[in-house]
Amino acid sequence: MRELRDIEIGIGVTHSDRSYDLALVTKFNNVEWIEAYQINPVHVDVSKYYMVFVSVSNSNCEF
């Protein structure tokens with residue numbers, strides 16, 4: 001996907017009530033690329049499949 005500059009997956013190590021088990025960090029050049037990524041057909045298809053298995057709750061932070 002052209003819009004995605006970098007991606008990193010982190011596995012949680014503390015296993016506390018306040019921690020997440022998995023982190024997915026994605027990097028983009030600008031907000032327009034984030035918006036394009038969100039509607040990219042590959043991203044949409046993959047998200048529909050994998051989010052069923054990995055998401056109980058999620059959060060995001062654009063910076």
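It should be emphasised that the depicted structure is a prediction, and the values quoted were computed from it without experimental measurement. Only this structure's heavy atoms are used, side chains among them; waters, hydrogens and symmetry mates stay out.
Taking hydrophobic clusters as Ile, Leu, Val, Met, Phe, Trp and Tyr residues chained together by side-chain heavy-atom distances below 4.5 Å, Ile7 does not share a cluster with Ile39. In terms of hydrophobic clustering, with Ile, Leu, Val, Met, Phe, Trp and Tyr side chains grouped at heavy-atom distances under 4.5 Å, Val25 and Val13 are assigned to different clusters. Criterion: ILVMFWY side-chain heavy atoms under 4.5 Å apart, direct or through other members. Under it, Tyr37 and Leu24 are part of a common hydrophobic cluster.
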message = Checking Leu4 against Thr26 for the side-chain contact (heavy atoms from CB on, under 4.5 Å) test, could you report, in this order, the C-alpha distance in whole Å, the side-chain angles of both residues, the deciding distance, and whether it holds?
response = CA-CA 7 Å; Leu4 186 58; Thr26 52; 3.7 Å; yes
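Although no hydrogens or angles enter the test, the distance criterion places a donor-acceptor pair under 3.5 Å between the side chain of Ser19 and the main chain of Ser16.
A heavy-atom distance below 4.5 Å is not found between the side chains of Ile11 and Asp21. Two residues are said to be in side-chain contact when any heavy atoms from C-beta on lie closer than 4.5 Å; Trp33 and Arg5 fail this criterion.
Under the side chain to side chain contact (heavy atoms under 4.5 Å, CB included) criterion, Val42 pairs with Met1, Asn40, Val46, not counting sequence neighbours.
Minimum interatomic distance between Gln38 and His43 (heavy atoms only, all atoms of both residues): O-ND1, 3.6 Å.
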